[in-house]
Amino acid sequence: LKQRGLSGEIAAEFGIGFAPPGWDNLQRELGASGERQEQLVTTGMLIRKDDGKSYDRFRDRIMFPIRDRRGRTIAFGGRILPDTQESGAKAPAKYLNSPETPLFHKGQELYGLYEARQALREIPRLLVVEGYMDVVALAQFDIRYGVATLGTATTQEHLNRLFRLTPEVVFCFDGDRAGRDAAWRALNNALPIMREGRQIRFMFLPEGDDPDTRIRAVGKAGFEADIQAALNFSEFFFQHLGKLADTNSIDGRAQLVEQARPLLKLLPPGVFRHMMTEQLARLARLEPAELEALLSRAEQPMTANKAMHGQRPVTRHQGPKLLSPVRMALMRLLYRPELAQLADEPGRFAELEVPGIKLLVEVLEILQENPKLNSSALIERWRGTENSSHLEKLATWEPEVADDESLEQEFRGALAQLDLQQLEHRYDYLLARSNQGELDPEEKR
């Protein structure tokens, strides 16, 4: 770590440590009983073999604790040392993460986010990089807003979490083909949650550089100048599609519209989508109204596409039914606030275009962070806002039968309905993506 230029202070702040060589160091230290060994297997620290015996997952690696929003360690990442080889086996992976566990869902967590929130009272932007060492190196150079995904592409859950903290997210990628392909995947994942007030930009480093090497070469001022020069969302969107179509010909402009149409359909209605449509109209040399009409007719072919693949068209929830799961969940929470502890990662609902969903997510997160909060104290937090009267009205509800089991079933049922709507939304998004042949194996699954 010293050879990489890290200071002891920054290593201590991020809790960086070491897993020594050997197959049972952790097990001998912490796995004295069968119950403790079972906990270590459940949390991904030990691996159980077919014969029932266990061994340490992390061996001879620099260790990076992964913390949740409250600063609790929920997983680890381990980076191999440059000269490490395991005898009789091929070279191990450079980075090794904890597996999915009851505590850790890699599609929702971001390395360095807790540290960024601790270092900055107000976060001007968040910079998404690819590696733990990039985050730590940037922090050492006083760029305290770097975060990294954990071996997965940036998900909508990631982005919703980031946008709750800052209005601007900058993706930092290598400038080679792989980096630009990764940036395009990130843009596609961002489409359903992009709206006015949110800004996404794409920063491409010189080939052969990563954030760690780049900031050591140009310093903080030079690196932040690179950030300022990053492409905004619309620039990268039309630049990428423009490479696939020659807009100087009618055929090329038609191809551009056909490529862009299913993607623009994924944008939430609003000013940003309208301006993106206007820009496409200018490039295609169409009247904006004509293009809007084309986009509005794109829904029917998508439904037909589902039928062609032998898939049942998704049944849409319409009208006031959209409110039911949100209202039901809020009413149960106001009657019995401890139900919030049953909700796994409330932020997963934040991208739903459902009235009241933002309030529900905020209520769940507040109650999870303050388990002893009662309904009156909860409502007081919104005193003077338009949500206050809404919550007060919902708080007057009392169940006919107030037994714990019934309330829990009703609450879980409301969340299950929201999960179904989330699933339908994700299905439509991936279906549109599949028309461009860009799904990875996990998305296909």
Tell me which pairs pass salt bridge (charged side-chain N to carboxylate O under 4.0 Å, His left out) where either residue lies in residues 141-151, with sequence neighbours left out.
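Output for this query lists Glu13-Arg144, Asp142-Lys220.
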Quick one, [X] and [Y] - any side-chain contact, counting heavy atoms below 4.5 Å?
{"X": "Pro211", "Y": "Leu205", "result": "yes"}
{"X": "Leu280", "Y": "Leu264", "result": "yes"}
{"X": "Phe411", "Y": "Arg336", "result": "no"}
{"X": "Arg327", "Y": "Arg332", "result": "no"}
{"X": "Glu338", "Y": "Lys372", "result": "no"}
{"X": "Phe171", "Y": "Arg201", "result": "no"}
{"X": "Phe223", "Y": "Leu138", "result": "yes"}

Does a salt bridge link [X] with [Y], judged by any charged N lying under 4.0 Å from a carboxylate O?
{"X": "Arg4", "Y": "Asp212", "value": "yes"}
{"X": "Asp176", "Y": "Arg180", "value": "no"}
{"X": "Asp210", "Y": "Arg214", "value": "no"}

Candidate list [options], test side-chain contact (heavy atoms from CB on, under 4.5 Å), partner [X], passing option:
{"X": "Trp184", "options": "Phe173, Phe202, Phe236", "answer": "Phe236"}
{"X": "Val135", "options": "Val128, Val129, Leu127", "answer": "Val129"}
{"X": "Phe104", "options": "Thr43, Thr73, Leu150, Asp68", "answer": "Leu150"}

Expected output: side-chain [X] to main-chain [Y] donor-acceptor under 3.5 Å:
{"X": "Glu100", "Y": "Lys106", "value": "yes"}
{"X": "Arg57", "Y": "Gly44", "value": "yes"}
{"X": "Thr154", "Y": "Ala186", "value": "no"}
{"X": "Thr101", "Y": "Thr42", "value": "no"}
{"X": "Arg198", "Y": "Ile193", "value": "yes"}
{"X": "Gln156", "Y": "Pro192", "value": "no"}
{"X": "Asn232", "Y": "Ser234", "value": "yes"}
{"X": "Arg61", "Y": "Lys94", "value": "yes"}

Ignoring hydrogens and angles, state whether a donor on the side chain of [X] or [Y] is under 3.5 Å from an acceptor on the partner side chain.
{"X": "Asn374", "Y": "Ser376", "answer": "no"}
{"X": "Arg412", "Y": "Gln409", "answer": "no"}
{"X": "Thr155", "Y": "His158", "answer": "yes"}

Nearest-0.5 Å distance that lies between atom [atom1] in [X] and atom [atom2] in [Y]:
{"X": "Leu263", "Y": "Met276", "atom1": "CG", "atom2": "CE", "result": "8.5 Å"}
{"X": "Asn160", "Y": "Leu165", "atom1": "CG", "atom2": "CG", "result": "11.0 Å"}
{"X": "Arg185", "Y": "Leu187", "atom1": "CZ", "atom2": "CG", "result": "12.0 Å"}
{"X": "Asp226", "Y": "Cys172", "atom1": "CG", "atom2": "SG", "result": "8.5 Å"}

What heavy-atom pair brings Phe204 and Asp174 nearest, and what distance separates the two atoms?
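Closest pair (atom of Phe204, atom of Asp174, distance): CD2-O, 3.7 Å.
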Which atoms form the tightest heavy-atom contact between Pro268 and Arg195, and what is the distance?
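Taking Pro268 first and Arg195 second, the nearest heavy atoms are CG-NH2, 4.3 Å.
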Aromatic ring pairing Tyr95/Tyr132, orientation class (parallel under 30°, perpendicular over 60°, tilted between)
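Answer is perpendicular, since the angle exceeds 60°.
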Expected list for residues 359-368: side-chain donor-acceptor pairs under 3.5 angstrom, two or more places apart:
| from | atom 1 | to | atom 2 | distance (Å) |
| --- | --- | --- | --- | --- |
| Glu365 | OE2 | Arg164 | NH2 | 3.4 |
| Gln368 | OE1 | Arg69 | NH2 | 3.4 |
| Gln368 | NE2 | Ala340 | O | 3.0 |
| Gln368 | NE2 | Ala343 | O | 2.5 |

Does atom CD of Glu207 have more than 12 heavy-atom neighbours, drawn from other residues, nucleotides or ligands, at distances under 6.0 Å?
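No, CD of Glu207 has 12 or fewer neighbouring heavy atoms, counting only those of other groups under 6.0 Å.
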Looking at Arg36, I want to see if its CZ is surrounded by more than 12 non-hydrogen atoms of other residues, nucleotides or ligands under 6.0 Å.
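No - once you tally the heavy atoms of other residues, nucleotides and ligands closer than 6.0 Å, there are 12 at most.
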Can you sort out the partners of Phe233 under ring pair (Phe, Tyr, Trp, His ring centres under 6.0 Å), two or more places apart, ordered by chain and number?
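Listed in chain order: Phe272.
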Which pairs of donor and acceptor atoms, one on a side chain in residues 108-125, lie under 3.5 Å apart (sequence neighbours left out)?
| from | atom 1 | to | atom 2 | distance (Å) |
| --- | --- | --- | --- | --- |
| Glu109 | OE1 | Arg161 | NH1 | 3.1 |
| Glu115 | OE2 | Arg67 | NH1 | 2.6 |
| Arg125 | NH1 | Tyr145 | OH | 3.3 |

Would you please name every residue forming a salt bridge (Lys or Arg N to Asp or Glu O under 4.0 Å) with Arg70, sequence neighbours left out?
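So Arg70 forms no salt bridge (Lys or Arg N to Asp or Glu O under 4.0 Å) with any residue.
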Test of understanding: with salt bridge (Lys or Arg N to Asp or Glu O under 4.0 Å), list the residues that count as partners of Glu196, not counting sequence neighbours.
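Here no residue qualifies.
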